[in-house]
4 protein chains.
Amino acid sequence: MTDPDVRDAIMTATYEALCEHGYTDLTAQDIADRTDKSKSLLFYHYDSKEDLVADFVDYLVERFDEWIAETRDLTPSERLATFVDWFLYGSGDDDERQSFHTAMLEIRTQAPYNEQYRKELRKSDDRLREIAEEILRNGIETGEFTDHDPEETAALLIATLDGARIRQLTLAEDDYIGQVRSAMVARIFDDILAEDVSFPEGLLPDEIDIEGGVDGTSDLGPSSETRQPEDEHGSSEDGAE
Amino acid sequence: MTDPDVRDAIMTATYEALCEHGYTDLTAQDIADRTDKSKSLLFYHYDSKEDLVADFVDYLVERFDEWIAETRDLTPSERLATFVDWFLYGSGDDDERQSFHTAMLEIRTQAPYNEQYRKELRKSDDRLREIAEEILRNGIETGEFTDHDPEETAALLIATLDGARIRQLTLAEDDYIGQVRSAMVARIFDDILAEDVSFPEGLLPDEIDIEGGVDGTSDLGPSSETRQPEDEHGSSEDGAE
Amino acid sequence: MTDPDVRDAIMTATYEALCEHGYTDLTAQDIADRTDKSKSLLFYHYDSKEDLVADFVDYLVERFDEWIAETRDLTPSERLATFVDWFLYGSGDDDERQSFHTAMLEIRTQAPYNEQYRKELRKSDDRLREIAEEILRNGIETGEFTDHDPEETAALLIATLDGARIRQLTLAEDDYIGQVRSAMVARIFDDILAEDVSFPEGLLPDEIDIEGGVDGTSDLGPSSETRQPEDEHGSSEDGAE
Amino acid sequence: MTDPDVRDAIMTATYEALCEHGYTDLTAQDIADRTDKSKSLLFYHYDSKEDLVADFVDYLVERFDEWIAETRDLTPSERLATFVDWFLYGSGDDDERQSFHTAMLEIRTQAPYNEQYRKELRKSDDRLREIAEEILRNGIETGEFTDHDPEETAALLIATLDGARIRQLTLAEDDYIGQVRSAMVARIFDDILAEDVSFPEGLLPDEIDIEGGVDGTSDLGPSSETRQPEDEHGSSEDGAE
DNA sequence: GATGAATGAGGATTCATTCAT
DNA sequence: CATGAATGAATCCTCATTCAT
């Protein structure tokens, strides 16, 4: 895979196909159809469909890292709020975001059977936990958060966020995520935040630009107030599934 | 499907095939092979593979209901602990349990694409939330738990438990579940439990009997020493972060 | 097959199933579904599906014979007109009749591959040709028809009628049958009928009662003006496919 | 389907398979077996077996058109005779021809249930009627035929020809077609032909080349002696009636 | 007689992957 | 690089027929 444009094209196509069909029903043809290239070419660039998907996960981690960089300048509690909302609500329009999470979940689902996926997914998960811990640790250092075990809390936090999202995707009809978010603030953050600090609402930085990569329009400035819709697919995030 | 023995045989075979192959790679042949019947018989009893799997989900709900009944006599905090541990550690031997949850997760993953599964899964989810709420409500009534919003807390609880399990299944190498459990007790239950009540450890009743359920020989034992750390990946490799 | 009631029930069910599905898609289950008996019973009464269908053709011949008897008292030219219109337009409501002819045509289509069907169908065809010849011969005797070769003319007549009907069924969008009928009168009958005889219009006797047989309500009086709809299926004819 | 060679190969294989098994028992494997290609390739070129068969019907229309062009130079009565004999006796050796018409009849039989077939078959039928009308119309113009309604007569003509062939195929043991042909000449053509014109015997051009059509080597020979009585069942067993 | 259960032998279709050009 | 053509191995599902009861 020498040409990054080709890779981008394939990754974008994979993203779209995954959203539409889900992993279980994803065929090489589905991906090729969203490309101006042929199906055979996929096998020229990748040894197998599995390899391609594994690279796709890796690709998402890269996008996630780019997104993380954008939040560096926020205060810990702002970062925490941003992190939570990004996780629960993601970015992009609703339908696509849901589809995408669903598809990613399917890839995760294959992890126990598939070492390659497992490896890539763990990489993305490690990144996620590191960030959460870093935020908590920073907050303790700055005094915004009470003292506690950041590693354990990060584990709890992510379990809850992930569980909430998955349940919303696979089961819920009502606003399950809203319920969980509200309970999280009341039961978990209330303890964690220092006396005089309250949990900030809705601070989402720019979306992770998944598709924009191709034409290189995504600017990864660290600013947190520039949020605009950036491409027709609403792009997505979640390098950290 | 008049004969319950046949249904049980098919369900058990489905359970085993699902554990071994996962949903994505589950074939009608895999199921038939674990039966002394032919593949065609599956289609005699079910109109499609999908129908069969949907019935399997329903079958699990029935088993769950039976299990729930066994915990009716415990105190709310005991029930809560039992519920948590059942959720996190399940029953059955380790490998099988993991396999099974993995397969179930795959089925859940199909829900957004498959109305039938969605319907059955929601049924099972409703049951789960009801139970959690009931436990919390009872605890508030008896004074074991502090007063709080049981519905919201139940949502939070289940999100966390589900997330923890899913992450352990799909990503974790270390004892992720143990970490989350510990954090849950510290950050959530600590608030919920009344001053003088502490969270009971490891109250697992007998396993939900999936394979031998027909003759219902499992009797509820209140013993609290049956739990052991149980992940094969080695626990508490906290340094890994 | 001792019990004629059972045979009638099966034949009626076969008739209905044939109309609905056509021969190619006719399954034993389709027939059983239109019976209050089970599919297995069909194989108790017949050695194979093929046998059953062969008997069905035979059954139709019997019905056809009954119908023929009703026209005995008409004059040759009346009988000829009746014969033509019965052949072209049949009886019963339009949709059902079409369905039935289509299905019968499918059975005929199998004749080259299936000796049993061929045998039964030839029996019915012989009957048809005999009748046509008899009508022509009688007409020559009574002087209503000019002298000609009745056998050859019968062959021509039936070829045309059969072809017209088949084409209407399988191809035509317009009133193809009407066209042919009109051309037949002008080009064939005009020659055959004696100077002072004209071709009578629309003299259809009672329908052949296919379903009524069970409860035996069909009266086979020779009157030609009693035509009434007789059963819910519009019954049909065409023992003579 | 860019490569006409491959299409030809598939069409030829379909033709052969159809002759041997009939439509009802035609499987994709039967077709592939008559090809040096695999069964999957059929589905690479066609979305379904049905699509393939529909294209086969279309293919026949193309062949028919080619054949028609070859008769343009004959006089109307010669063309009429050629048309009749082509219809009744077709081309190819006896067995093959019968088999082929039988299979085509089966396909026609599916028309009421299958829109695709119906559409293709109507196209072929329209062509047939046009040709017949054209011949009649030309004859009237040249004075070879008496004045009459060409459309109606064409309808009659084709009904008779089609009926005769179908009956021969599906029912007759004797030379039914010969009988009908003879009656047709006597009862229909006798009226149509002008006083001094007689119906030419056996003007069959070369066969429609189904298998070698690609290289179009068949040249129209006006020879009139190629026709022989041709049914294997023995002709003129008139006593059988 | 009658039936529910059971099955073997297909048959259409799908799809990852290969390969000649 | 790129592709159209090709294929083998599966997989779901159908259905006539059998059989124990």
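A note on names: the letters A, B, ... follow the listed sequences, proteins ahead of strands, and every chain is numbered from 1.
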What is the distance from CD1 of Ile10(A) to C1' of dA2(F), rounded to the nearest Å?
12 Å

Spell out, as yes or no, whether a donor-acceptor pair under 3.5 Å connects the side chain of Lys49(B) to the backbone of Leu26(B).
yes

Tyr44(A) atom OH is separated from dT21(E) atom P, nearest whole Å, by 19 Å

In terms of relative ring orientation, are Tyr23(A) and Tyr117(A) parallel, tilted or perpendicular, with 30° and 60° separating the classes?
perpendicular

Could you tell me the separation between the NE2 atom of His45(D) and the P atom of dT13(E), rounded to a whole number of Å?
16 Å

Rounded to the nearest angstrom, tell me the gap between atom CG in Leu41(D) and atom P in dA9(F).
17 Å

Which is it for Ile107(D) and Leu18(D) under the side chain to side chain contact (heavy atoms under 4.5 Å, CB included) test, yes or no, and what are the steps along the way?
CA-CA 10 Å; Ile107(D) 299 180; Leu18(D) 222 30; 3.9 Å; yes

So what does the secondary structure string of DNA chain E come out as, 5' to 3', with Watson-Crick or wobble pairs under 3.5 angstrom, [ ] for crossing and | for pairs with another strand?
.||||||||||||||||||||

Indicate yes or no for a side-chain donor-acceptor contact from Glu106(D) to the backbone of Gln110(C) under 3.5 Å, with no hydrogens or angles considered.
no

Do the non-hydrogen side-chain atoms of Leu121(D) and Met104(D) ever get within less than 4.5 Å of each other?
yes

Ignoring hydrogens and angles, state whether a donor on the side chain of Asp25(D) or Tyr113(C) is under 3.5 Å from an acceptor on the partner side chain.
no

For nucleotides 13-20 of chain F, 5' to 3', base contacts (B), sugar-phosphate-only contacts (S) and non-contacts (-) with protein non-hydrogen atoms under 4.0 Å give BBBSBBB-

How long is the gap from CG on Asp58(B) to NZ on Lys119(B), to the nearest 0.5 Å?
9.5 Å

From NZ of Lys37(D) across to P of dG4(F) the rounded distance in Å is 17 Å

Distance in angstrom units between Tyr46(B) OH and dC12(F) P, rounded:
16 Å

Show me the donor-acceptor pairs within less than 3.5 Å that the side chains of residues 32-40 of chain A make with the rest of the protein, sequence neighbours left out.
from     : atom 1 : to       : atom 2 : distance (Å)
Asp33(A) : OD1    : Gln29(A) : NE2    : 2.8
Arg34(A) : NH1    : Asp30(A) : O      : 2.7
Arg34(A) : NH2    : Glu20(A) : OE1    : 2.9
Arg34(A) : NH2    : Glu20(A) : OE2    : 3.4
Ser38(A) : OG     : Ser40(A) : N      : 3.4
Ser38(A) : OG     : Leu41(A) : N      : 3.4

Anything under 30° is parallel, anything over 60° is perpendicular, the rest tilted; go ahead and classify Tyr15(A) against Phe56(A).
tilted

Figure out the OH/P separation between Tyr23(B) and dT11(F), and round it to whole Å.
14 Å

Starting from P on dT13(E), measure out to CG on Asp30(D) and report it in whole angstrom.
14 Å

